[in-house]
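A quick write-up on the structure given underneath.
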Amino acid sequence: QVQLVESGGGLVQAGGSLRLSCAASGRTSSRYVTGWFRQTPGKERKFVAAIRWSDGTTGYADSVKGRFTISKDNAKNTVYPQMNSLKPEDTADYYCAARRGVAVVSGRNDYDYWGQGTQVTVSS
C-alpha cells in the first residue's frame, strides 16, 4: 500500500503561482509514477501532470504545458507541481495519484493510489 498526502492548496490571484506537495509513504519504490489530476464540481477528474520516479521523465496536459512544472525529491519521497501563470480556469480540487509501473500515462483508471485532494482557487 502507498499513502499519499497533498498540501499547498489555497487562494491565489490570476497570474500568480502556487506549489503543491505530495508526500508518499508506505511501499514506495523507483518503479512508480506519481501523477496529478484536478476536478471541478460535476466534471470528470482530469490529468494535469506526472513524473516517473526512476529517471524524472515527465508528462503534461496541453492545458498546463509551459506553466506547470513537476519535480521530485527522492530523499523526501515528495513530488512538487509548481504552478505558474495561474488562470481562473485552473481552479479545482487537485489530487495526487500513484501507479505501479514506469509508463507515464494520463488515464485516471491507470492509477492505483490516491490522496485526499487539496483545493486551489484562482481569483480573477
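Quantities reported herein were computed from a predicted structural model and do not represent experimental measurements.
Proximity of a side-chain donor or acceptor of T57 to a complementary backbone N or O of D55 within less than 3.5 Å is not detected. In terms of modelled atom types and a separation under 3.5 Å, the side chain of R67 and the main chain of S85 share a donor-acceptor contact.
The cluster map of Ile, Leu, Val, Met, Phe, Trp and Tyr, joined by side-chain heavy atoms under 4.5 Å apart, puts Y60 and L86 in the same cluster. In the hydrophobic clustering of ILVMFWY residues, with side-chain heavy atoms under 4.5 Å counting as a link, L18 and I70 come out together. V2 and Y95 sit in two unconnected hydrophobic clusters of ILVMFWY residues. Membership requires side-chain heavy atoms under 4.5 Å apart, directly or through other members. Connection of V79 to M83 is established within a shared hydrophobic cluster, with ILVMFWY side chains joined at heavy-atom distances below 4.5 Å, either directly or through further cluster members. Put simply, F37 and L20 are part of two different groups of oily side chains (I, L, V, M, F, W, Y) that touch within less than 4.5 Å, one to the next.
Partners of W53 according to the side chain to side chain donor-acceptor pair (under 3.5 Å) rule, which considers only residues two or more places apart in sequence or in another chain, are T34. Judged as a side chain to side chain contact (heavy atoms under 4.5 Å, CB included), and not counting sequence neighbours, the contacts of Q3 are Q1, S25.
The NZ atom of K72 lies 7.5 Å from the OG atom of S54; values are rounded to the nearest 0.5 Å.
Closest approach of T78 to S21, counting heavy atoms only: CG2-CB, 4.2 Å.
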Taking only distance into account, with no hydrogens and no angle test, what donor-acceptor pairs under 3.5 Å do side-chain atoms of residues 96-112 form with protein atoms, sequence neighbours excluded?
| from | atom 1 | to | atom 2 | distance (Å) |
| --- | --- | --- | --- | --- |
| R99 | NE | D110 | O | 3.1 |
| R99 | NH1 | A103 | O | 2.9 |
| R100 | NH1 | Y113 | OH | 2.9 |
| Y111 | OH | V105 | O | 2.6 |
| D112 | OD2 | R100 | N | 2.9 |

Under 3.5 Å, sequence neighbours excluded: what are the donor-acceptor pairs made by side chains of residues 115-124?
| from | atom 1 | to | atom 2 | distance (Å) |
| --- | --- | --- | --- | --- |
| Q116 | NE2 | E6 | O | 3.4 |
| Q116 | NE2 | E6 | OE1 | 3.4 |
| T118 | OG1 | G9 | N | 3.2 |

Listing, residues 41-49 side-chain donor-acceptor contacts under 3.5 Å, not counting sequence neighbours, or none:
| from | atom 1 | to | atom 2 | distance (Å) |
| --- | --- | --- | --- | --- |
| R45 | NE | Q39 | OE1 | 3.0 |
| R45 | NH2 | Q39 | OE1 | 3.1 |

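Taking the centre of each ring, F68 and W36 stay at or above the 6.0 Å mark.
For K87 and D90, the salt-bridge test fails: no basic side-chain N is under 4.0 Å from an acidic carboxylate O.
T40 places none of its side-chain heavy atoms less than 4.5 Å from the side chain of T91.
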Run the side-chain hydrogen bond (donor to acceptor under 3.5 Å, both in side chains) check on S17 and N84 step by step: do they pass?
CA-CA 4 Å; S17 299; N84 298 328; 2.9 Å; yes
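In the hydrophobic clustering (ILVMFWY side chains linked at under 4.5 Å, chained through shared members), Y80 stands by itself.
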